[in-house]
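Note sheet for the following structure.
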2 protein chains.
Amino acid sequence: MTLAQVAERAGVSRSAVSFVLTGRTDQRLSVETTERVRKAAEELGYRPNMTARTLRTGRSGTVALVSDFVSSTSHANSMVRGALDALRERDTILFTVDTQGDAGQEKQVIDSLLDRTIDGVLYASMFTRAVTPPALLTQVPFVLLNCVPAVGVARAVVPDEVAAGRDSANELLRFGHRDHIWFIGTLPPGVTGGLSWRGWAPLALSERLEGIRQALADVGAELAGTQMVDDDWTTEDGREAVTRLLATGAHPSALICANDAVAAGAYQALHRAELRVPEDVSVVAFDGSPISRAIDPPLTSIALPQVELGRRAVELLFDKEAQPVIHRIAMTMVRGGSVGPAR
Amino acid sequence: MTLAQVAERAGVSRSAVSFVLTGRTDQRLSVETTERVRKAAEELGYRPNMTARTLRTGRSGTVALVSDFVSSTSHANSMVRGALDALRERDTILFTVDTQGDAGQEKQVIDSLLDRTIDGVLYASMFTRAVTPPALLTQVPFVLLNCVPAVGVARAVVPDEVAAGRDSANELLRFGHRDHIWFIGTLPPGVTGGLSWRGWAPLALSERLEGIRQALADVGAELAGTQMVDDDWTTEDGREAVTRLLATGAHPSALICANDAVAAGAYQALHRAELRVPEDVSVVAFDGSPISRAIDPPLTSIALPQVELGRRAVELLFDKEAQPVIHRIAMTMVRGGSVGPAR
DNA sequence: CTGAAAGCGCTTACAG
DNA sequence: CTGAAAGCGCTTACAG
């Protein structure tokens, strides 16, 4: 079913059909002709061949999401959901590729995408960090999703981690906690990103800590201390870190955990020490993952705005006026039962 | 950078370049010519335009994953990971679209994909169920991923849920449980799929139950009973179901939960009734999601083979000889500390 | 062994 | 207002 067949059926030239179907009005086709073309196209169930159109116009109605692990790991991939929603409104479809953080794979994948005439790229990271986008990317419009440029400027969308840090501390302050608040989940000196992603310094960590310190400083307080984890912010990490903390004789009134999995581990360590949440120790964390709903009591967690990140990134990609600046999306606190009054 | 430029630089015809670059040997080009073309292509950094090639050959090196929620929800999307791995080996890239289970969106999306000359489709479901693939799909090779055809036959890959059911029961039998094993997570009569997906009868439920019953029957036993949930196999569902069960005066020695989230809720209900896992009650579940690691003790859970499902689906898609049959992939038990000896 | 030519299905200046 | 023609970048029978 080609445009030529539609033209034949309508008794007009191929040009005329093309003009009608692409909505060009500068040719002032007669209403009657326009109608005849429309009718013929519909009767034949004609759909334009996008490959041919792309070859001719250089536009494909196709965007790619290039990420480290986003589409293959849990949770983070709600970004894909937001992106797909926004793309559907623009009649555009999405290539998805994960590079596992491997530069060689990344180059190969981007080459392969460029060969296919894509209209733009969302360059995404599983967690918030600074990245150096590959040089190839400059051949096409792109937006950084959940990451910021390590050097220079670029259009980027990230969660507002500093504000989230402030919110976490303010929630505890509101319940009367103040001088015995610990942060669980800093990284060992020289390690910036856990076992699986050494060197990928998560902005989430530094910015959340900064926000926490800001909020505490506002009331003349400071963190009682921070507790390191060895690994990747897992449940085991959280359990070990809090076990170690309690072994030092510390008496935390509240814990701010780097993420939900660490908080789940904190629950376990507290439980083993016969400390109750929230009666003895309050806990807040970040992520808003399914884990926050699966532990008892449900965790007060500041949720990553995954869907909104994906959506905004697409909007920026299509916005011709968009400046190369970093957009920060608010994180929302989802309250559970893990925060109670300070003793 | 086009093929014509390579031809000019090498001093040969465009045909010759095409033959060399596509690896056609039936033309018996001289070694010297072949070499000259290779060198010219490399020096110019030539990469073929896939759009032009697709227009000419009708093949695009592109596959689409069409699903309800797979790429936008947690956990299930590890299927994407498996698919991407297998596709990379075949130099093929992946379109991802989620239809939210809406037939209108699905039709629109498949039309849009067909317009782009895709080589095949993976038609996927978030959870294992029977589907009626849209008629449009027959225009292109396809494989059902995590679902089976409601009528007729098709190439399909699903987890071996019956075997998983048997494994769950056998694990409990091994620890001496027998006559007080309950299943948590059946659906109310007439409801087949929870609030969000009414009517999407999950095969997971019926097949896991069947496996459980088989294994128990093998030793002359049967389930003590089943407990319904109202909703979508959430933590709240599990908590309520087990609370209700205990209120009846039942004394389960072990629970088999429909999934990890339900098990997390079961833990909570048991804990509130001052019953310990596994000393008082053993628990096993299905999924192998991050939740199974976040609860205490870690849950013995039979993991969905997500990555393997995705990988196998791609292999079937590219296998010209593949018959329209259902392939079942083994689920693997990941042992936690939630199963102990029967009292 | 090589090269000129047709054609995949479109869009778009350009001439009428 | 309309139509013939060129061309996007390839592949591939076909003639030499």
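Chain identifiers are assigned alphabetically (A, B, ...) following the order of the sequence lines, protein sequences preceding nucleic acid strands; residue numbering begins at 1 within each chain.
- Nucleic acid contact class of B/Thr57 (heavy atoms, under 4.0 Å, all strands): sugar-phosphate only.
- Nearest to the side-chain atoms of B/Ser30 among the listed nucleotides C/dG9, C/dC1, D/dT12 stands C/dC1.
- D/dA4 is unpaired under the Watson-Crick or G-U wobble criterion, no partner having all donor-acceptor distances under 3.5 Å.
- Position along DNA chain C of the nearest nucleotide to A/Ser18 versus B/Ser13 favours B/Ser13 as the more 5'-ward residue.
- As judged by a 4.0 angstrom heavy-atom cut-off over every strand, B/Thr51 is placed among residues making no nucleic acid contact.
- As judged by a 4.0 angstrom heavy-atom cut-off over every strand, B/Thr22 is placed among residues touching the sugar-phosphate backbone only.
- One distance of note links CD of A/Gln108 with CG of A/Asp102; it measures 9.0 Å at 0.5 Å rounding.
- In this model, a donor atom of one side chain and an acceptor atom of the other lie less than 3.5 Å apart for A/Arg88 and B/Gln105.
- Nucleotide C/dA13 is matched to nothing when pairs are restricted to Watson-Crick or G-U wobble geometry with both distances under 3.5 angstrom.
- Spacing between atom CG of A/Asn49 and atom P of C/dC8 amounts to 11 Å, rounded to whole angstrom units.
- Atom-to-atom, CG of A/Leu55 to C1' of D/dG9 comes out at 6 Å; the value is rounded to the nearest Å.
- For B/Arg53 and D/dG9, the CZ to C1' distance is 11 Å, given to the nearest whole Å.
- Atom CZ in A/Arg59 sits about 23 Å away from atom P in C/dG9, given to the nearest Å.
- Looking at B/Thr51 and A/Thr54, their side chains never bring a donor and an acceptor atom within 3.5 Å of each other.
- Remark: the B/Ser125 side chain and the B/Asp68 side chain contain an N/O donor-acceptor pair separated by less than 3.5 Å.
- A donor-acceptor contact under 3.5 Å links the side chain of A/Ser15 to the base of D/dA4.
- For B/Met126 against B/Asn146, the heavy-atom pair with the smallest separation is O-ND2, 3.4 Å.
- Rounded to an integer number of Å, the gap from CD of B/Glu32 to C1' of C/dT2 is 13 Å.
- B/Leu21 places its CG atom 12 Å from the C1' atom of D/dT11, with the value rounded to the nearest Å.
- Across all strands, A/Thr33 comes closer than 4.0 Å only to sugar-phosphate atoms, never to a base (heavy-atom distances).
- Following rounding to the nearest Å, A/Phe19 (CZ) and C/dC14 (C1') show an atom-to-atom distance of 10 Å.
- Between A/Arg36 atom CZ and D/dG3 atom P the separation is 9 Å, expressed in whole Å.
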